[in-house]
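All values derive from a computational prediction rather than experimental measurement. Only heavy atoms go into these numbers, but all of them, side chains included; no hydrogens, no water, no symmetry mates. Residues take their numbers from the sequence shown, with the count starting at 1.
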Amino acid sequence: MPKEYRTIQEVAGPLMLVKSVENVKYDELGEIELANGERRRCKVLEINGSDALVQLFEASTGINLSNSKVRFLGRSMELGVSEDMLGRVFDGLGRTIDDGPEILPEERRDINGLPMNPAARAYPSEFIQTGVSAIDGLNTLVRGQKLPIFSASGLPHANLGAQIARQAKVVGTDEPFAVVFAAMGITFEEANFFIQSFRETGALDRTVLFINLANDPAVERISTPRMALTAAEYLAFEKDMHVLVILTDITNYADALREVSAARKEVPGRRGYPGYMYTDLAQMYERAGRQRGKNGSITMIPILSMPEDDITHPIPDLTGYITEGQIILSRELYRKGITPPINVLPSLSRLKDKGIGKGKTREDHAATMNQLFAAYSRGKDAKELMVILGEAALSDIDLIYAKFADEFEEKYISQGYFTDRTIQETLDIGWDLLRLLPRSELKRISDVMLDKYYEKK
């Protein structure tokens, strides 16, 4: 039986100081019992000699210093995992919130996980089809990759995240595929949108949902993605599933990290975020990947909204260092009514060339991808010139490129949130667009492929 302490010294906001404790460790879970028998959970943030500073998971109201007692449980936060988690909805502390029965866990796991040995990592190389052309065709997602979505306030990243979660699949295998979706600091309305979206399309059956609402405590927001990744590790490396982890919104997570850091009176770093935010994000992101000798894998799509649309802000900046590329949403395209408003030119998937080509997608994928990028870029330049100098100043070929840019946005990028395109459909749409250009302009595609695909009407 854990020892009980009646030595609560003070409570300040979400923090509580307990004196004269013995053998208590950093990150250990505790339980506070109030005079009326009510129990609340807490976590050790700091040990100083025999003093323990703990962070409360619930509100501190009603805690009477003299007749409340604290027990330390001798373990850090754990999640009970089981295959029965699929199709269920949990809160940020791993408790079920969907009116279903309690999960009977096969095992309990520490939510901080174990870092993957770099030597045991297998290189990401298999194509994952999201059904979204701007990702599949141009910034391909590969199994085991970390590919974030950089959004901004007011842009529809929730719709895109839900679409990817519904549509994503590994093509050409019948191996089980699961989605772990963790939402942090979102409104009740957004939470409802995700649950209904997955339920209506039947995607909920293969999804584990962790939802932390904006009015939940900040410290719970810090545990939410770790809960999700613990469930993902179990499904991937114990049950041999391909798991896609979607985390939204990392900005809310980082703000919670800053809030807890400020409460602990730590020295702030850039823009008030703690100096260890890079390490903290890396510990989380690096839990994705593939392991040698294991069939399962974890592919991760963190979604973050860039404060003030600033890509140099610490959150997107540090995320970009750790992950393998980024998908950037554009306010300009959103205003034009392009859905999803993915800005393909600054977007990048560093592993795309590992997951495409013959036997994976199609032999023409790499060449058409390069040609579409080049043509769209030139078309955008032509349109900018047209704004400054007027249409009459453009050559005939520049006018063709300007038309190509418009068609590309309307037919290739803009597909709505409920169109699920196969990679073959995406590549065929790419060829339809390239036929707007004279064959002599397609310098990045070999004659053999042009004969095979360009001439085919």
| query | Taking Arg226 for the side chain and Ile222 for the main chain, is one N or O donor matched with an acceptor at less than 3.5 Å? | reply | yes

| Stepwise ring pair (Phe, Tyr, Trp, His ring centres under 6.0 Å) check, Phe150 with His313 | CA-CA 11 Å; Phe150 287 6; His313 186 279; over 10 Å; no

| message | Any heavy-atom pair between the side chains of Asp205 and Leu86 that's under 4.5 Å? | response | no

| request: Please report the C-alpha distance between Leu209 and Leu204 in whole Å, then the side-chain angles of each, then the deciding distance to 0.1 Å, and finally whether the side-chain contact (heavy atoms from CB on, under 4.5 Å) criterion is met. | output: CA-CA 8 Å; Leu209 264 170; Leu204 190 62; 3.8 Å; yes

| query | Using 4.0 Å as the upper bound for N to carboxylate O, is an ion pair formed by Arg95 and Glu102? | reply | no

| message | What I want to check is whether the side chains of Arg143 and Thr299 have a donor and an acceptor closer together than 3.5 Å. | response | no

| task | Measure across Val180 and Ala228 and return the closest heavy-atom pair with its distance rounded to 0.1 Å. | result | CG1-O, 3.4 Å

| Considering only heavy atoms from C-beta outward, does the side chain of Ile211 approach that of Ile195 to under 4.5 Å? | yes

| side-chain contact (heavy atoms from CB on, under 4.5 Å) between Asp396 and Ile400: does it pass, once the steps are laid out? | CA-CA 6 Å; Asp396 291 345; Ile400 293 173; 5.5 Å; no

| remark: From the list Lys411, Lys383, Lys336, salt bridge (charged side-chain N to carboxylate O under 4.0 Å, His left out) with Asp406 holds only for Lys383

| message | Taking CD in Glu391 as the centre, count heavy atoms belonging to other residues, nucleotides or ligands within less than 6.0 Å. Is the count above 12? | response | no

| query | With no hydrogens and no angle check, do the side chains of Thr312 and Asp317 hold a donor and an acceptor under 3.5 Å apart? | reply | no

| task | Please name the pair of heavy atoms, one in Met85 and one in Leu79, separated by the smallest distance, quoted to 0.1 Å. | result | CE-CD2, 3.9 Å

| query | What residue pairs, at least two apart or across chains, pass ring pair (Phe, Tyr, Trp, His ring centres under 6.0 Å) with a residue in residues 247-268? | reply | none

Can you list, pair by pair, the side-chain donor-acceptor contacts under 3.5 Å of residues 152-166, counting residues two or more places apart and other chains?
from   : atom 1 : to     : atom 2 : distance (Å)
His157 : ND1    : Ser151 : OG     : 2.7
His157 : ND1    : Leu155 : O      : 3.1
Gln163 : NE2    : Gln167 : OE1    : 3.4
Gln163 : NE2    : Gly416 : O      : 3.3
Gln163 : NE2    : Thr419 : O      : 3.4
Arg166 : NH1    : Ser197 : OG     : 2.9
Arg166 : NH2    : Tyr417 : O      : 2.6

| task | State, yes or no, whether a side-chain contact exists between Asp381 and Tyr401 at a heavy-atom distance under 4.5 Å. | result | no

| query | Any chance the side chains of Asp27 and Asn112 put a donor and an acceptor closer than 3.5 Å? | reply | yes

| task | Output the distance between atom OG1 (Thr323) and atom CG (Leu281), rounded to the nearest 0.5 Å. | result | 10.0 Å

| message | Can a side-chain donor-acceptor contact be found between Asn370 and Arg444 if the only test is distance below 3.5 angstrom? | response | no

| message | For a 4.5 angstrom cut-off between non-hydrogen side-chain atoms, does Lys169 reach Asp420? | response | yes

| task | Determine whether the side chains of Arg421 and Ser133 contain a donor N or O and an acceptor N or O closer than 3.5 Å. | result | yes

| task | Indicate the atoms forming the closest heavy-atom contact of Leu333 with Ser330, along with that distance. | result | N-OG, 3.0 Å

| said: Within the 4.5 Å heavy-atom criterion, are Asp110 and Met77 side-chain neighbours or not? | reply: no

| field | Side-chain heavy-atom pair Asp84, Leu104 within 4.5 angstrom cut-off | value | no

| request: Check for a donor-acceptor pair, side chain of Glu259 on one end and backbone N or O of Ala256 on the other, with a separation under 3.5 Å. | output: no

| task | Decide side chain to side chain donor-acceptor pair (under 3.5 Å) for Ser349 and Glu324; before the verdict, give the C-alpha distance in whole Å, the side-chain angles of both, and the deciding distance to 0.1 Å. | result | CA-CA 6 Å; Ser349 167; Glu324 292 111 14; over 6 Å; no

| Donor-acceptor pair, Glu425 side chain versus Thr422 backbone, under 3.5 Å? | yes

| query | Between the side chains of Tyr234 and Glu107, is a donor N or O closer than 3.5 angstrom to an acceptor N or O? | reply | no

| query | Which residue pairs satisfy the ring pair (Phe, Tyr, Trp, His ring centres under 6.0 Å) criterion with at least one member in residues 103-125, sequence neighbours excluded? | reply | none

| Check: Ser261/Glu266 side-chain N/O donor and acceptor closer than 3.5 Å | yes

| remark: Sorted by chain and number, sequence neighbours left out, ring-ring contact (aromatic ring centres under 6.0 Å, His included) with Phe90 holds for Phe210

| said: Could you go through Phe194 and Ile186, starting from their C-alpha distance and side-chain angles, then the distance that decides it, and tell me whether this counts as side-chain contact (heavy atoms from CB on, under 4.5 Å)? | reply: CA-CA 11 Å; Phe194 287 129; Ile186 60 169; 4.1 Å; yes

| field | Electrostatic pair Glu238-Arg109, nearest N-O below 4.0 angstrom | value | yes

| said: Could you check whether any side-chain N or O of Arg435 sits under 3.5 Å from a backbone N or O of Tyr454, counting only pairs where one atom can act as donor and the other as acceptor? | reply: yes

| said: With side chain to side chain donor-acceptor pair (under 3.5 Å) as the criterion, how do Glu363 and Tyr453 come out once you've worked through the C-alpha distance, each side chain's angles and the decisive distance to 0.1 Å? | reply: CA-CA 11 Å; Glu363 58 185 352; Tyr453 293 100; 3.0 Å; yes

| request: Any chance you could measure Thr319, atom OG1, to Met306, atom CE, to the nearest 0.5 Å? | output: 11.0 Å

| said: Using every non-hydrogen atom in the two residues, find where Ile445 and Met449 come nearest and quote the distance to one decimal. | reply: CG2-CB, 3.8 Å

| Donor-acceptor pair between Tyr273 and Asp255 side chains, under 3.5 angstrom | yes

| note | Separation between CG (Leu351) and OG1 (Thr140), nearest 0.5 Å, reads 10.5 Å

| said: Rounded at 0.5 Å granularity, tell me how far CG in Leu141 sits from CD in Glu126. | reply: 12.0 Å

| query | Would you call Lys354 and Pro124 a side-chain contact if the rule is heavy atoms closer than 4.5 Å? | reply | no

| said: Any donor-acceptor pair under 3.5 Å linking the side-chain atoms of Thr426 with those of Tyr412? | reply: no

| Test item: Arg121 and Asn117 side chains (from C-beta on) under 4.5 Å apart, heavy atoms | no

| remark: In short, ring pair (Phe, Tyr, Trp, His ring centres under 6.0 Å) pairs touching residues 352-397 with sequence neighbours left out are Tyr376-Phe408

| Say you draw a straight line from CE of Met116 to CZ of Arg290; how long is it, rounded to the nearest 0.5 Å? | 10.5 Å

| request: Can you sort out the partners of Asp98 under side chain to side chain contact (heavy atoms under 4.5 Å, CB included), two or more places apart, ordered by chain and number? | output: Arg88, Val89, Thr96

| request: Evaluate side-chain contact (heavy atoms from CB on, under 4.5 Å) for Leu434 paired with Leu372, printing each intermediate quantity in order. | output: CA-CA 7 Å; Leu434 291 174; Leu372 286 167; 3.9 Å; yes

| note | Interatomic distance, NZ@Lys352 vs CG@Leu138, rounded to 0.5 Å, equals 7.5 Å

| query | Looking just at side-chain N and O atoms, do Asp136 and Thr130 make a donor-acceptor pair shorter than 3.5 Å? | reply | yes

| field | Distance-only side-chain donor-acceptor flag, Gln326 / Ser347, under 3.5 Å | value | no

